[in-house]
Amino acid sequence: MTILLRRILLPLRGLLLPLLLIAAWEIASRQSASHAYAFVPLSKIGAGLLELINSGELWLSTTASLKRTCLGLAYGLLAGFVIGVLMALSRVAERLLGPLYHTLRQVPILGLIPLLALWFGSGEFSKVLIVSLAAFYPMVLNTFEGFNHVDPRYREVGRIYALTPVQQFTQVLLPSALPSLSNGVLHALAFAWVSSVGCELFLSTGMGLGNLMMNAETGSRMEVVVIGVLCIGLLGYAMNQLFSRLSRYLLRWRNLR
């Protein structure tokens, strides 16, 4: 009975801190009118959530942000992987692309929004481009590190078996770089969500959770702002868990060595 109870309670440990924070939030909301504005009562958040669900606004905003983030993430990961591989496997590519890459990645991505908006407007293309750049930088760095630090013994084994360049890439280099690539994807995911919401706040055209939160702040609807923050956090957490599980599945061979 004790073992069964422990198996039930162990997965719930992660809920302890969120529940304590929720309780502290509700207590803070009851202190005064100013506290109730900053820490919106849970009942008001629940009513606002039902209102947004019934109107369909929450669904439209969430799907718009999710689509924008996924598209930008996909483009950024693909471009980052290609450039990272080129820089790792070609000294010429590293000398040509490396200085430019390391210079641009020092510039905060949100600081590029005014310039990109001037060049491409404030529409969907600019927003997806910003998210792509945010995912591109960490993916390039992790791809470069992963392929550049492959154990020389693995490369030697490939030469002994007379593998072709394509076989060496797919059977030696790529599996060895997978842990670093996995880290790159997880880092890119976090930056993608930050930039997605950030560009929605700066470029206020179209739908999105950032736009929803901005309009809610203008109308003093703080419960909607809180709902937007929660949606972003939950979506990011769900995508992070999905990528983490996929990473563990792809890297399950490491536990067999």
Where do [X] and [Y] come nearest, in terms of heavy atoms and distance?
| X | Y | value |
| --- | --- | --- |
| Ile113 | Cys199 | CD1-CA, 3.8 Å |
| Thr69 | Ser196 | OG1-OG, 3.0 Å |
| Ser55 | Leu52 | OG-O, 3.1 Å |
| Ile109 | Ile130 | CG1-O, 3.9 Å |
| Leu73 | Ala135 | CD1-CB, 3.9 Å |
| Pro138 | His187 | CB-CB, 3.9 Å |

Mind checking whether [X] and [Y] sit in one hydrophobic cluster, side chains of I, L, V, M, F, W, Y counted as touching below 4.5 Å?
| X | Y | result |
| --- | --- | --- |
| Leu141 | Val107 | yes |
| Ile45 | Leu58 | yes |
| Leu129 | Leu104 | yes |
| Leu66 | Ile53 | yes |
| Met222 | Leu230 | yes |

Are [X] and [Y] close enough that some pair of their side-chain heavy atoms sits under 4.5 Å apart?
| X | Y | value |
| --- | --- | --- |
| Val128 | Ser132 | yes |
| Leu174 | Leu181 | yes |
| Leu189 | Asn240 | yes |

Would you give the length of the straight line joining atom [atom1] of [X] to atom [atom2] of [Y], rounded to the nearest 0.5 angstrom?
| X | Y | atom1 | atom2 | answer |
| --- | --- | --- | --- | --- |
| Leu234 | Met239 | CG | CE | 13.5 Å |
| Leu77 | Met139 | CG | CE | 5.5 Å |
| Ser182 | Leu246 | OG | CG | 8.0 Å |
| Ser195 | Leu112 | OG | CG | 11.0 Å |
| Thr63 | Arg68 | OG1 | CZ | 9.5 Å |
| Leu78 | Ile83 | CG | CD1 | 10.0 Å |

Can you check whether [Y]'s main-chain N or O pairs, donor with acceptor, with [X]'s side chain at less than 3.5 Å?
| X | Y | answer |
| --- | --- | --- |
| Ser180 | Asn142 | yes |
| Tyr101 | Tyr137 | yes |
| Ser126 | Gly121 | yes |
| Ser65 | Leu209 | yes |
| Asn215 | Asn211 | yes |
| Thr62 | Trp59 | no |

Please confirm whether the ring centroid of Phe191 lies under 6.0 Å from the ring centroid of Phe136.
no
Derivation and outcome, side-chain contact (heavy atoms from CB on, under 4.5 Å), residues Glu94 and Phe144
CA-CA 10 Å; Glu94 183 184 1; Phe144 175 79; 3.6 Å; yes
Can Val131 and Leu71 be said to form a side-chain contact (heavy atoms from CB on, under 4.5 Å), step by step?
CA-CA 8 Å; Val131 178; Leu71 279 176; over 6 Å; no
side-chain contact (heavy atoms from CB on, under 4.5 Å), that's the test. Do Leu212 and Glu57 meet it? Break it down for me.
CA-CA 8 Å; Leu212 179 68; Glu57 190 175 4; 3.2 Å; yes
Is the shortest side-chain N to carboxylate O distance from Glu200 to Lys127 below 4.0 Å?
no
Less than 4.0 angstrom from a charged side-chain N to a carboxylate O is my criterion; do Lys67 and Glu124 meet it?
no
Anything under 30° is parallel, anything over 60° is perpendicular, the rest tilted; go ahead and classify Phe81 against Phe169.
perpendicular
